[in-house]
Amino acid sequence: MAQASTAIRTVQRDVPFNWEGRDRKGQKVKGRTVAQNEQAVRGELRRQGIAATRIRKQSPRRGAGGKVEPGDIAVFSRQLATMLGAGIPLVQAFEIIGAGHEKPSMQKLLLEIKSDIEGGTSLHEALAKHPLHFDDLYVNLTEAGEQAGALESLLDKIATYKEKTEAIKKKVKKALFYPAAVLVVALIVTTILLIFVIPQFESLFKGFGADLPAFTQAVIDLSKFVQHYGVFIAMVVGAGIWFFSYTYKRSRKLRESIDRMSLKFPIIGPILNKAAIARFARTLSTMFSAGVPLVEALESVAGATGNIVYENAVMKMRDEVATGQRLQRSMENTGMFPNMVVQMIAVGEESGSLDTMSGKVASFYEEDVDNAVDSMSSLLEPLIMAILGVLVGSLVIAMYLPIFKLGSVV
């Protein structure tokens with residue numbers, strides 16, 4: 001009978017409950033507890049000397065950011081490392097973090113992992129069941145920490161790694177998003193003017209009884225074209241974007257071509273190169289400091305660079321290192337890494353401090369990316385304002401040219 005009840009417990013999932021009650025002094029208290037059912041919550045509250053007056057299961061909330069983001073995993077990693085460092089047991093740490101998280105999907109993920117651990121599954125095996133949120137690098141480092149008896153230390157390294165890589169991703173997204181967003185706004189404003197404003201001027205100009213300037217006539221013709229075929233154009237553009245996105249996710253050759261072109265793109269290209277090198281160095285430092293062999297570490301490093309061109313280069317490096325080639329020489333052969341990076345890695349190899357030197361490379365390039373993004377934003381702001389001014393100003397001038405012409409005739 002005891003064995004049967006244990007088997008049932010491993011299948012059940014803990015869920016959060018919100019409760020209200022009175023403590024031993026008669027004062028009102030409320031909180032949230034994670035348990036399998038309402039009876040378990042009442043029993044836990046009784047042990048704490050609290051008389052429960054209301055207990056209700058917390059229902060999943062819609063629209064509360066249901067998708068688990070990489071940033072959520074980074075925050076969780078730091079929280080777990082901190083709690084284990086404070087001596088809190090692993091299962092209890094998962095319960096505290098899961099119950100206190102605002103995002104229902106993250107609560108569900110953490111409580112599922114907690115239940116697996118309670119059932120006797122190791123932490124790295126429980127994490128491996130969720131590959132969308134915990135990649136091979138994360139799982140491998142966790143396994144290394146468990147085997148070495150240094151899980152707290154390895155989780156701290158993982159947390160630092162996730163924080164650094166997510167910071168780099170945010171900076172790169174900021175560099176790409178700002179100009180794209182402004183240009184989209186400019187396109188929307190121009191379309192609104194062509195559809196709603198220009199036709200009003202056209203009806204006004206019909207009463208002039210004179211030929212319109214060529215520039216004005218061209219803008220009016222463009223306005224008519226957008227009014228008649230705008231919906232069709234929007235559908236074609238939307239279908240094109242969908243097809244490109246669909247193909248991009250499934251075609252490695254297309255992704256490689258785009259990644260290669262993006263690295264050569266003015267202004268943005270140098271930032272993407274530096275970001276890839278920063279991710280390479282940060283991942284290498286984390287893996288090597290965890291005791292992962294260099295050849296095995298390079299395989300995980302390749303996937304963490306975030307660019308297929310660099311991924312292919314690192315995989316080529318791995319093959320050369322596996323045959324006895326020095327890491328420094330294999331990096332030179334790719335032609336993808338600046339001389340400073342190669343020399344610092346060479347010093348790390350010779351001195352036996354590859355993790356330290358690669359960590360310094362990562363810190364340097366992370367700061368360089370941050371400065372480059374700030375500089376780019378400062379340079380692009382006047383350029384983007386000039387583009388907006390030319391777009392909107394050209395339409396305004398085109399509409400007022402006939403009025404100026406009429407005034408000169410009078």
- Item | Closest non-hydrogen atom pair between A275 and V369, with its separation | N-CG2, 3.6 Å

- Take atom CZ of R260 as the centre, draw a 6.0 Å sphere, and report whether it contains more than 12 heavy atoms from other residues, nucleotides or ligands. no

- Test log, rule side-chain contact (heavy atoms from CB on, under 4.5 Å), inputs V231 and M235: CA-CA 6 Å; V231 176; M235 292 175 62; 4.1 Å; yes

- Message: Testing the basics here: between A372 and I271, what is the closest heavy-atom pair and its distance to 0.1 Å?
- Response: CB-CG1, 3.8 Å

- Query: Can you tell me how far the NZ atom of K157 sits from the CG atom of D355, to the nearest 0.5 Å?
  - Reply: 7.0 Å

- Query: Can a donor-acceptor pair be found between the side chains of D259 and Y310 at a distance below 3.5 Å?
  - Reply: no

- Task: Please determine if E125 and K129 form a salt bridge, counting it only when a charged side-chain N lies under 4.0 Å from a carboxylate O.
- Result: no

- Query: Does the side chain of F201 reach to within under 4.5 Å of the side chain of I220, using non-hydrogen atoms?
  - Reply: no

- Salt-bridge present (E256, R252; N to O < 4.0 Å): no

- Query: Any donor and acceptor pair, going by atom type alone, linking the side chain of T121 with main-chain N or O of D116 inside 3.5 Å?
  - Reply: yes

- May I ask you to check whether F280 and F337 place their ring centers less than 6.0 Å from one another? yes

- Message: When you measure from the side chain of S223 to the backbone of V219, do you find a donor-acceptor pair of N or O atoms at a distance under 3.5 Å?
- Response: no

- Query: Just wondering, do Q328 and Q343 contact through their side chains at under 4.5 Å, heavy atoms?
  - Reply: yes

- Are W242 and V237 side-chain neighbours, meaning at least one heavy-atom pair lies under 4.5 Å? no

- Residue pair L298 / R318: nearest heavy atoms and the distance that separates them: CD1-CA, 3.8 Å

- Message: Would you compute the distance between atom CD of E350 and atom CE of M357 and round it to the nearest 0.5 angstrom?
- Response: 10.5 Å

- Query: Between R326 and A346, what is the shortest heavy-atom contact and its length?
  - Reply: NH2-O, 4.0 Å

- Is a side-chain N or O of S245 found less than 3.5 angstrom from the main chain of I241, in a donor-acceptor match? no

- In T142, L141, N140, the residue satisfying side chain to side chain contact (heavy atoms under 4.5 Å, CB included) with Y138 is T142

- Message: Any donor-acceptor pair under 3.5 Å linking the side-chain atoms of S285 with those of Y161?
- Response: no

- Item | SB check R78 D156 (cutoff 4.0 Å) | yes

- Using distance alone, with no hydrogens and no angle criterion, decide if N307 and E311 have a side-chain donor and acceptor under 3.5 Å apart. no

- Query: In this structure, which one of Q79, M83, K114 forms a side chain to side chain contact (heavy atoms under 4.5 Å, CB included) with F94?
  - Reply: K114

- Message: Is it the case that the side chain of S363 and the backbone of K360 share a donor-acceptor pair, with hydrogens and angles ignored and the cut-off at 3.5 Å?
- Response: no

- Main-chain N/O of F364 paired with D368 side-chain donor or acceptor, under 3.5 Å: no

- Has the side chain of D370 got a donor or acceptor atom that lies under 3.5 Å from a matching backbone atom of E366? no

- Message: So E146 and S122, do their side chains get closer than 4.5 Å, heavy atoms only?
- Response: yes

- Item | Heavy-atom neighbours of E69 CD exceed 12 at 6.0 Å | yes

- Item | Test item: K103 side-chain N/O and K67 main-chain N/O as donor-acceptor pair under 3.5 Å | yes

- Message: To the nearest 0.5 Å, what is the distance between CG on L84 and CD on E152?
- Response: 7.0 Å

- Kindly indicate, with the supporting measurements, whether the criterion side-chain contact (heavy atoms from CB on, under 4.5 Å) is fulfilled by R22 and I50. CA-CA 6 Å; R22 295 183 180 274; I50 298 175; over 6 Å; no

- Task: Could you pull out the closest heavy-atom pair between M317 and S330, with the gap in Å?
- Result: CG-O, 3.6 Å

- Query: Do I345 and M331 pass the side-chain contact (heavy atoms from CB on, under 4.5 Å) test, and can you show the C-alpha distance, the side-chain angles, and the key distance before you say yes or no?
  - Reply: CA-CA 9 Å; I345 294 297; M331 291 178 68; 3.7 Å; yes

- Query: Do the non-hydrogen side-chain atoms of M287 and T283 ever get within less than 4.5 Å of each other?
  - Reply: yes

- Note on the structure: So CD1 of I195 and OG1 of T190: to nearest 0.5 Å the spacing works out to 11.0 Å

- The residue among M340, R279, R282 that forms side chain to side chain contact (heavy atoms under 4.5 Å, CB included) with Y365 is M340

- Message: Determine whether L327 and L284 satisfy the following criterion, side-chain contact (heavy atoms from CB on, under 4.5 Å), listing intermediate values before the conclusion.
- Response: CA-CA 12 Å; L327 179 60; L284 180 62; 4.2 Å; yes

- Message: Could you check whether F243 and Y248 have their ring centres less than 6.0 Å apart?
- Response: no

- How far does NZ of K170 sit from OG1 of T165, to the nearest 0.5 angstrom? 10.5 Å

- Nearest-0.5 Å distance that lies between atom CD1 in I73 and atom CG in L127: 9.0 Å

- Query: Under 4.5 Å between any side-chain heavy atoms of L272 and F265, yes or no?
  - Reply: no

- Query: For the side chain of T216 and the backbone of A398, is there at least one donor-acceptor N/O pair under 3.5 Å apart?
  - Reply: yes

- Message: Side chains of V29 and W19, heavy atoms from C-beta outward: is any pair under 4.5 Å?
- Response: yes

- Is a donor on one side and an acceptor on the other found under 3.5 Å between the side chain of D72 and the backbone of V68? no

- Would a 4.5 Å heavy-atom cut-off, applied to side chains only, mark P213 and Q217 as touching? no

- Is there a donor-acceptor pair under 3.5 Å between the side chain of S353 and the backbone N or O of T356? no

- Of all heavy-atom pairs linking A313 and M336, the shortest is CB-CG, 3.9 Å

- Taking the inter-plane angle between the rings of F134 and H130 on a 0 to 90° scale, is it parallel (under 30°), tilted (30 to 60°) or perpendicular (over 60°)? perpendicular

